[in-house]
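Shown next, in structure tokens, is the structure this report addresses.
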Amino acid sequence: MHSGSTRRGVRRSVPRDGGRRMTAEPRPETLPGRVAVVGAGAMGANIALTFEAAGVPAVLVDADLNRARAGLEVVEQTAATYARQGLFT
């Protein structure tokens, strides 16, 4: 990772590959056995996908059944796209 400066002078870390490759290198001693993500919107769906990619089972929960189904669909479609593009290792 290298740092780059922004307009406001705040430094941020940017992966050298531009952040395009999603690799999961879990450290089993620090990862939870499973997680629940509350809220199946775009952010919640992608958080659940990130945990799944790291090998941590994730449950996606939402108060609205239709949103929960839509969130699951986002996870499935995004995972399939990333797999086709070789972004999951």
Side-chain angles (χ1 to χ4, degrees):
M1 309 248 321
H2 67 281
S3 295
S5 62
T6 64
R7 286 183 179 189
R8 295 182 185 147
V10 176
R11 299 189 68 77
R12 61 186 173 88
S13 295
V14 180
R16 290 192 188 277
D17 65 359
R20 291 193 37 91
R21 187 151 305 270
M22 290 184 64
T23 57
E25 297 178 16
R27 296 187 336 220
E29 68 278 3
T30 61
L31 291 176
R34 60 186 172 175
V35 297
V37 179
V38 179
M43 182 186 280
N46 283 295
I47 290 170
L49 178 60
T50 301
F51 274 106
E52 287 282 344
V56 178
V59 176
L60 192 56
V61 179
D62 199 291
D64 183 298
L65 182 58
N66 290 328
R67 280 191 294 212
R69 287 180 177 149
L72 181 57
E73 189 173 318
V74 167
V75 169
E76 291 171 344
Q77 290 175 354
T78 304
T81 299
Y82 287 169
R84 276 195 310 275
Q85 294 174 349
L87 297 177
F88 279 147
T89 58

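Position 1 is the first residue of the sequence; numbering continues from there. Note that the structure is a prediction, hence the values are computed from the model and not measured.
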Do you know the tightest heavy-atom contact between [X] and [Y]?
{"X": "Val56", "Y": "Arg34", "result": "CG1-CA, 3.8 Å"}
{"X": "Ala48", "Y": "Ala58", "result": "O-CB, 3.8 Å"}
{"X": "Ala45", "Y": "Gly71", "result": "CB-O, 3.6 Å"}
{"X": "Gly33", "Y": "Pro57", "result": "O-CD, 3.3 Å"}

With the 4.5 Å side-chain cut-off for hydrophobic clustering, are [X] and [Y] part of the same group?
{"X": "Ile47", "Y": "Val74", "answer": "no"}
{"X": "Met43", "Y": "Phe51", "answer": "yes"}
{"X": "Val35", "Y": "Leu72", "answer": "no"}

Out of curiosity, Thr78 OG1 to Glu73 CD, how far, rounded to the nearest 0.5 Å? 10.0 Å
Determine the sole option in Val38, Leu49, Val37 for which the side chain to side chain contact (heavy atoms under 4.5 Å, CB included) test with Leu60 is passed. Val37
